[in-house]
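Remarks on the structure that follows.
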Amino acid sequence: MGSGAGTGAVVSPSLRPARVVSTTGRFAFLAVGVTAALLPFVWMLRTALGPPQNALTFSSNPLPSSVSFDSFENAWTAADLGPALVTGVLVSLAILALQLITAIPAAYAFAWVPFRGRSVLFGVVLATLLVPPQVTAVPNYVTISALGFADTRVGLVLPFMSHAAAIFLLRQYMTTIPASVLEAARMDGLGTWRTLRLVIVPLCAPAIATVSVFSFLLSFNEYLWPLLVARSPDIATPPLALAGLATKNSAFPDFAQLAAGSLIISLPTLLVFVVAQRRLSAGISGTGQAA
């Protein structure tokens, strides 16, 4: 019995090569994916740090022939990226706040509040995800112009004050909360709104972080709607400022400046991702263990 139990825990020698091949294959696949994801950013950094005249030269060397930070200074000044970054961050944070204010109660209602037609209404909300944003751009622009919010930061925010994807993600996460937790809250005398604020929101912190990151990234990188609404350079968002840099000086853009400007406007989104990475992973996996 003892020898049988001992040999049962030993891995068969014939299985070891297969395990090594499987592990090597996974690492090779991961290395190819990481390389494909990082190569554009590495090349953009090389272009930004290198001489402008060498921006279009093809070379296998990832290091530029000479390093210069002049492109960053020129891009910052020529595209007026300072005010654009401020506008982009403020607009994105305002959109995020409004989306959380509207999405959290809606998700809680769809997850735990029984009412007639709940499934049908939730299906209608999900159906809005199938509508391309280009379809609603013109009606939204007509509405915003009629309200007098064209060419204002308020006009940049209002059409995005709610989002079906945020409602869906939060609702799916809320359904994983045990019903006993809500029953305990009711027994303690908590009403619907206090249960939502004191119980549901803390438990859904990873999902809220996930929605926040995606909302900020989408809003900060939005191009079509600011192109329609933001006519004044004073309220240009980072994508608009970068697009203006492409055609400001001549018909042939300075690709070193464009690469430097792209790196500059990528910093806020990179910072948001790094700060929220731990909760983002937990929110996507649905475990909530990073709370």
Side-chain angles (χ1 to χ4, degrees), residues 86-129 140 147 149 153-222 268-269 271-291:
V86 172
T87 298
V89 171
L90 291 178
V91 169
S92 300
L93 291 178
I95 292 174
L96 170 59
L98 290 175
Q99 287 186 355
L100 291 180
I101 290 173
T102 57
I104 291 176
Y108 177 67
F110 284 127
W112 291 108
V113 179
F115 60 90
R116 180 175 298 179
R118 182 176 64 174
S119 300
V120 175
L121 185 58
F122 185 62
V124 172
V125 172
L126 293 183
T128 61
L129 294 174
N140 284 338
L147 294 175
F149 293 133
R153 292 183 176 88
V154 176
L156 293 173
V157 173
L158 283 183
F160 305 99
M161 62 183 300
S162 183
H163 201 284
I167 297 174
F168 172 74
L169 290 174
L170 291 174
R171 184 261 182 190
Q172 294 303 106
Y173 195 93
M174 289 180 184
T175 55
T176 64
I177 299 175
S180 58
V181 175
L182 279 77
E183 292 294 336
R186 293 191 187 98
M187 292 179 63
D188 288 340
L190 297 182
T192 300
W193 288 106
R194 293 186 65 192
T195 300
L196 175 62
R197 180 170 56 90
L198 300 178
V199 178
I200 301 298
V201 170
L203 291 177
C204 292
I208 293 174
T210 302
V211 170
S212 300
V213 171
F214 285 136
S215 172
F216 186 89
L217 294 181
L218 291 174
S219 303
F220 191 83
N221 296 317
E222 176 67 27
T269 56
L271 179 62
V272 169
F273 179 80
V274 170
V275 170
Q277 182 181 8
R278 187 164 174 257
R279 290 191 179 273
L280 179 64
S281 301
I284 293 177
S285 63
T287 60
Q289 295 177 354

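Keep in mind it's a predicted model, so treat the numbers as computed, not measured. Because only heavy atoms are used, hydrogens play no part in the values below, and waters and symmetry mates are left out as well, while side chains stay in.
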> Does Y173 reach the side chain of P206, with side-chain heavy atoms less than 4.5 Å apart?
Replying inline: yes
> Counting N and O atoms only, with roles assigned by atom type, does the side chain of S92 sit under 3.5 Å from a partner on the main chain of V89, one being a donor and the other an acceptor?
Replying inline: no
> Between CG of L158 and CG of N140, what distance do you get to the nearest 0.5 Å?
Replying inline: 10.0 Å
>> As an exercise, state the distance from CD1 of I104 to CZ of R197, rounded to the nearest 0.5 Å.
In response: 12.5 Å
>> Quick check: closest heavy atoms across I95 and S215, and the distance to 0.1 Å?
In response: CG2-OG, 4.3 Å
> Atom CG in D188, atom CD in E183: separation rounded to 0.5 Å?
Replying inline: 11.5 Å
> Which heavy atom of C204 sits nearest a heavy atom of M174, and at what distance?
Replying inline: SG-CG, 3.5 Å
>> side chain to side chain contact (heavy atoms under 4.5 Å, CB included) for S219 and L96? Distances and angles first, verdict last.
In response: CA-CA 8 Å; S219 303; L96 170 59; over 6 Å; no
> In Å and rounded to the nearest 0.5 Å, what is the CG to CG distance from L190 to L196?
Replying inline: 11.5 Å
> Any side-chain heavy-atom pair from T195 and Y108 closer than 4.5 angstrom?
Replying inline: yes
> Is the closest side-chain heavy-atom distance between L129 and L126 below 4.5 Å?
Replying inline: yes
> Is T176 reaching over with its side chain to a backbone N or O of Q172, donor-acceptor style, under 3.5 angstrom?
Replying inline: no
> Taking the inter-plane angle between the rings of F110 and F115 on a 0 to 90° scale, is it parallel (under 30°), tilted (30 to 60°) or perpendicular (over 60°)?
Replying inline: tilted
>> Looking at Q99, is its backbone amide N or carbonyl O close enough to the side chain of T102 to form a donor-acceptor pair, meaning the two atoms are under 3.5 Å apart?
In response: yes
>> To check you understand the geometry: which heavy-atom pair defines the closest contact between P268 and F220, and what is its length?
In response: CG-CZ, 3.8 Å
>> Quick one, I200 with L182, criterion side chain to side chain contact (heavy atoms under 4.5 Å, CB included). Give me CA distance, side-chain angles, the key distance, then yes/no.
In response: CA-CA 9 Å; I200 301 298; L182 279 77; 3.9 Å; yes
>> Is any side-chain heavy atom of I208 closer than 4.5 Å to one of S212?
In response: yes
> Step by step, would you call L218 with E222 a side chain to side chain contact (heavy atoms under 4.5 Å, CB included)?
Replying inline: CA-CA 6 Å; L218 291 174; E222 176 67 27; over 6 Å; no
> Do you know which two heavy atoms are closest between S162 and I167, and how far apart they sit?
Replying inline: OG-CD1, 4.1 Å
>> Do V125 and F168 have side chains that approach each other closer than 4.5 Å (heavy atoms only, starting at C-beta)?
In response: no
